[in-house]
Each structure stands twice: as C-alpha cells, then as structure tokens.
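This is a predicted model, so every value here is computed, not measured.
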Amino acid sequence: MLKKLLPLSVALALSGCGGSSNDSSDEAVEISVASTSTVNFYVPQWQSAKGTLNQLDSQGNVVESVAVENINTASVSVSPLNFYTFEFIPDDSALPCPRFTGCGRTLRGDVNDINENRLIDFEEITGVNLNYAARAYVAPGVNEVFFSPLSTAITNANIDATLASLSASPFYQLTHSSLSNTLEAEIVANAFTYSAIVAGVSVEGFDLATAFDDFITQQDDTSAWQTYSSLADQYIADNLYSEQGNGLIQSVAGQVKQTIASVTSYTNWQQKVETEQALESRELLENIRDALGVIRLQDTTYADDLDAKLEQLESALDDDTQQTITVLAEVINEVLINYSPLAEVSASEGQYTLRNLDISYSTSPYEWLITGTYDGLPVNIDMSIPTFRISGVLGDKIEGVMSASVINGDTRLDVDVSELLVEFDGVSEQSELLPDAQTGIANITTDVVIAKQSGELTGEISLDLNRFVTAFAQEVTSLSAFDFAGQYQSDIQTTPFHITALEASPLTGEENDDLMFGLELALPLGGASDFSLAYVGDVIDLSQLTSSDVFISVKQKALDLRIREVNSNISLTAKGENGRWLDVKQAGSNYSGGLYLGDTKIADVTAVRGIPGVLFPNGDFESLF
C-alpha cells in the first residue's frame, strides 16, 4: 500500500519514529571538490566513433576541440558545477541501415544498393547524415553524455527535457549512475538514432529538427514526428523479437519504452533555464520536503483515499482487461490477413467461419460483420475500411471506422464508431530476399472504453502485434506491446494516465506471459495540484511500492526515488536535478547516509532528538520534513 510505502519510505519525515542522535558525536564533514570533473560520451554503434569532439559556448562557437579515436572510450575534464554544450563530428558520416528488415526503397543504380534490389537492406549504407550535440550539467565526479539526433534537436531548441524524460536528468545525461542507468540511456539513444536513420530513408524530405519543432509547437501536421516516434518504439520490438537483437535490452525494456513514450508525447515543453549552482545548495532538500509534505498530508488526511485510487487503477488493468485488449487486436489482425485485399489468397465476399467467429465480408465497400467468440470471449465487431494501401516496401496501411465490443466477465471493452488505423511493416514471411526477417509488425490504433465494476478507462490505444518464429520453429502472432493514453474515472477519482506495456521476453514461454507495464499518473493531491507519479513493473505491484523505483514530480521539480525495505529497515535514495542526491538508511532507531552532489558528500544524514535530517559541516541541521 502506498500509505505503507510513504510513511516508511520516508518515515524519516515523522518525528518520534527514530532514535535520538547526539549531534556532538557527529564530526563535521569538510567539503572538498576536485577542480575538474570527467565527462564520458556515447554515440550509437551505427555511427563511426572516430571524429572530433567540440566544446561550444552559448553562441555555438567552438572553444575547445579534440580529435578522438573512439568517442565511446573518450573523456574530457572540465570544471564542475557548470553547464556545457558538447558536439561530436564523426570523420565518416556514412550510416548503415539499422533495421533487420531493411529501411525502404532506393533509386535504380544506387551505389549503396549492393544486391541491386532497389531496397536499402539491413547494413547497406543509407544516404542519411546525422548531427550529434548535447547540453549537460557537469557535477563533481564522473558524468555521462549520450548523443543522439534528438539530443541535438533538443539542445539546438534550448528545451528542457527533464520532466519529459520521467527522470531527474534529461534522457541523454547522467550525473550519478549505475550500470542499469547507463544501459537504459544507451538503449534510448540507440532508439532515437535508429528511428532518425530509418525515417530519413523511408520518408521523403524527413528532417528531425523540423519534425520536433512542429511537435513541440503543436502544429496541425505532426505526421513526420509520429513516424519518428513509432520507429523509435519499433526499435525495442525489433531487438526483442529477433535472434540478432541486442540481448541486453530485455532487462531495461520497460523503462526504455516508457521513456520513449513520454518524450515523444510530452506536451508541456519549456525553455531551458540555467541557474548558478552553489555547492551547498539546499535545493534538493526543499524539493524532497515538498514531496514528503504532500505524502505526509496524505498520511494524515488522504492516505486511505490515495490507496483506494491506486488499488482501483491496479484492478482496472487486471488480467481480464489485458485479455480483452489482446482479443480485440488478434481478431482484427486475423480477419484482415485472411479476408481482405491483404490475404495471400484473395477472398471473395461472402460468409466465412474462423475459429468460433462468423464473418460476413463484403467488398463494395469493404465491410466486415464479426460475431461469435474468440478465446472464449464474446466478440462483436463492425468494420468499414474504404482505404487500403498495399505495399511490400512501405508496408500495408488501412484506414476506416469501427464499432466493437469484447466482454470478459465484469469487464467490457467498447469501441463506439471510432476511427481505425491499421499498419503493417511490409514483411510477410521469411524469403531469400530477407532471410533474417523473423518478425512482421502490425499496429492497430483506435479509441476505446473499458468498463470495470469500479470505473472506466477511456482513451486512445495503440496495439502492436508481432509475428515471429519461436524456438520450436512455429510462426505465431501475439500482442507484443500497447500504448494507452486517456483517463480513468470512477466515483472517487478522475485520473489522467499514460500506460505502456510490452512483452519483455517474447521468444521464451507462453504468449503474453511477461507483460512489463509502465504507468504515468497525474494525481492531484492536497498541497500539490501537479503531483504526478511514474512506475515501471508488474501492474499487480502498483499499490505495493515498498521496494520499487518510482519517479515523482511536484511543483515542476523531478525526483527519482529508489525505495527498499528489508526486515523493517528502510533504504531510500532520492535523486534530484543537477546531480544532487540523498541517501538515507534507517535501521531501527539509527539513521545514516548523506547528501551528495555528484560524487561529493556535502552533509551527513543523522537524527537529532529523534528527528531525522541532514547535518551540514557548519553545524546547520535541516530536518527532512
């Protein structure tokens, strides 16, 4: 329960819970910061790692330049507590196609089309050139910068990407990290670079800077950005569903998908504001107190209410809901690939039976009436699709309208005359042309209402189905991921949500047995009308956050919380912006830890008269609430 998490995760904030600590027994810590900090860099593997690393001033002029043999092993030393803009210019700008199924059509006679099939196949050189830049705050110690074309667009636009990244730092920067943090940031950079390459080949005139500007300024036509976003998301599936894929992705797939979904759909972009950072700043403590103040308020007046809200949301995404979503996607997919212009063997209009479904199919116009059961659930679907694009290179695209219902006990999914968009990636089967192509991707997008006993989920859902060859040489199609943005409404709450989910280990086990969820929730609370929470993990643990990693934002300030509880002992790590982080350990009546900036400890965590807080070298003591 959140009310269990919050009093203990931060029980620290409750006076009288901890033992008394005599401040005279704590020696003051002298703060000594090295004159230089280290910055390491990463550029995705498709780009040549040899080139020139530039440091730019605020006007974009080069103030320092160094040739590097490998940007991924290079580092520079700079003064800490400052913001810097870094730029990488590769010696070789050529980029190969990163997609296993190829990047799209090319002109006859293209020298890069090695097999002369007029397609840019996997690892054939494309005509895309990319630029790499990032503006980052450098904290004391070791910092990491992850270049991608999107970090360049954000840097050039002088936009703050912190809240969009659902992290205490932008997705392209780390000031205090672990191996999993670094891996996640690398995979995100890969995804945003992969999508820029594939879009650059497949979309005529594609320009990421223009697409990003259209998106953040909310122009009417953001189709280029939507293409870029979906390709970034596709990078995860390409690797999870292929034996050629990056096997390390699985361990961070849920976090990566949530980050990509948030960054590519975020709407409240603001200009980046940089303020001078003082070593002994109390900013992080103030932000934590804002968060704990909200939480403490919930403990005294809203704890039960908040718990009830989270439990409702947890139950709204139970197995019954997941099964109705899966059935809707798989019925649409199976019907279209068997009884439509997409079918390998053309089907004439008429009456058909598929499993336990009765299908009435007509071609003038294209319409389907589907009734019966699928996987034991009653199904009723009425589709009308006037537009088909059939293309083995661009993929098949279908646009129409649909009404539908899928019933699963007390759960009912309805689509009420909603627009329907179905897209296929163009890979129908393994062939001599694409011998390594093991996946075929279909995406279905529509508006849905999912009614539960306690409330309703309404919004737009985008469903990905992947066809892949299992370890037993069987070709199967399953729901691989979905992205659901909307609102949950009940008698006790109206909560905007953004839910992502994906099958994290599709090549092992049963279909859909390892769905990893990411939830971003806007939960206005007493004392913080803009409180939001993001979580990645098993949905059944949503209301059990006593050993989890969560992101929260209060008053437009970001905090990463890592909470662990073992035998009633609490460990809390709270990361704030600009490299500041707090480590608190509570064992019985004892508190320990520290307040840090990068790798530099600037104060001790202790307890004074039973009140946990932070003791600074000058003797100042600040409680944690």
Side-chain angles (χ1 to χ4, degrees), residues 44-48 90 92-130 149 190-208 223-224 227-228 230-246 333 336-337 340-346 387-398 422-443 464-469 473 475 477 480:
Q45 69 269 26
W46 307 291
Q47 186 66 71
S48 170
D92 184 355
S93 62
L95 287 160
C97 170
R99 185 161 66 172
F100 302 131
T101 56
C103 288
R105 188 183 298 279
T106 188
L107 299 175
R108 187 183 301 278
D110 188 332
V111 295
N112 294 321
D113 184 14
I114 305 301
N115 60 1
E116 299 182 345
N117 64 352
R118 298 187 67 184
L119 300 174
I120 297 298
D121 300 316
F122 176 54
E123 293 188 333
E124 286 186 339
I125 299 300
T126 70
V128 176
N129 293 320
L130 298 177
N190 288 353
F192 285 138
T193 303
Y194 167 102
S195 55
I197 299 171
V198 178
V201 176
S202 59
V203 179
E204 185 176 357
F206 177 80
D207 179 75
L208 178 56
S223 57
T227 297
Y228 176 78
S230 63
L231 288 169
D233 192 55
Q234 190 182 107
Y235 171 75
I236 308 172
D238 278 4
N239 281 269
L240 288 175
Y241 281 82
S242 173
E243 297 292 348
Q244 298 171 279
N246 183 342
N333 180 67
L336 289 178
I337 63 177
S340 81
L342 305 180
E344 291 185 14
V345 178
S346 179
T387 304
F388 277 85
R389 180 191 72 192
I390 310 298
S391 172
V393 176
L394 299 176
D396 303 322
K397 182 176 181 179
I398 302 165
V422 185
E423 295 181 283
F424 296 84
D425 69 351
V427 180
S428 58
E429 60 185 7
Q430 290 179 305
S431 66
E432 292 181 3
L433 180 63
L434 297 169
D436 296 320
Q438 294 188 336
T439 66
I441 300 170
N443 176 268
D464 290 337
L465 294 106
N466 273 56
R467 182 183 58 260
F468 62 98
V469 179
E475 185 179 280
T477 298
S480 61

Quick one: CD on Gln45 to OG1 on Thr193, what's the gap to the nearest 0.5 Å?
9.0 Å
Applying side-chain contact (heavy atoms from CB on, under 4.5 Å) to Glu123 and not counting sequence neighbours gives none
When rounded to the nearest 0.5 angstrom, what is the spacing between CD1 in Ile114 and CG in Asn112?
6.5 Å
Those residues at least two apart in sequence (or on a different chain) that pass side-chain contact (heavy atoms from CB on, under 4.5 Å) with Asp207 are Ala209, Thr210
Val198 pairs by side chain to side chain contact (heavy atoms under 4.5 Å, CB included) with which of Thr227, Leu231, Val128?
Leu231
Taking only residues two or more places apart in sequence or in another chain, which ones pass side chain to side chain donor-acceptor pair (under 3.5 Å) with Ser93?
Asn129
For a quick test of reading the model, state the closest non-hydrogen atom pair linking Leu130 to Pro149 and the distance between them.
CD1-CG, 3.6 Å
Side chain to side chain contact (heavy atoms under 4.5 Å, CB included) between Glu124 and Asn115, intermediate numbers included:
CA-CA 9 Å; Glu124 286 186 339; Asn115 60 1; 3.4 Å; yes
Looking at Ser480, is its backbone amide N or carbonyl O close enough to the side chain of Asp464 to form a donor-acceptor pair, meaning the two atoms are under 3.5 Å apart?
no
Drop me the distance from Asp121's CG to Thr106's OG1, to the nearest 0.5 angstrom.
10.5 Å
Could you work out, with side chain to side chain donor-acceptor pair (under 3.5 Å) as the rule, every residue matching Thr126, not counting sequence neighbours?
none
Separation between CG (Asn443) and CD1 (Ile398), nearest 0.5 Å, reads 11.5 Å
With Ser230, which residues qualify under side-chain contact (heavy atoms from CB on, under 4.5 Å), at least two apart?
none
Could you give the distance from SG (Cys97) to OH (Tyr194), rounded to the nearest 0.5 Å?
7.5 Å
If the condition is side chain to side chain donor-acceptor pair (under 3.5 Å), which residues does Asn190 pass it with, not counting sequence neighbours?
Tyr42, Tyr235
Is the Phe122 ring parallel, tilted or perpendicular to the Phe100 ring (thresholds 30°, 60°)?
perpendicular
For a quick test of reading the model, state the closest non-hydrogen atom pair linking Ala232 to Ser195 and the distance between them.
N-CB, 3.3 Å
Are the side chain of Asn239 and the backbone of Asn246 linked by a donor-acceptor contact shorter than 3.5 Å?
yes
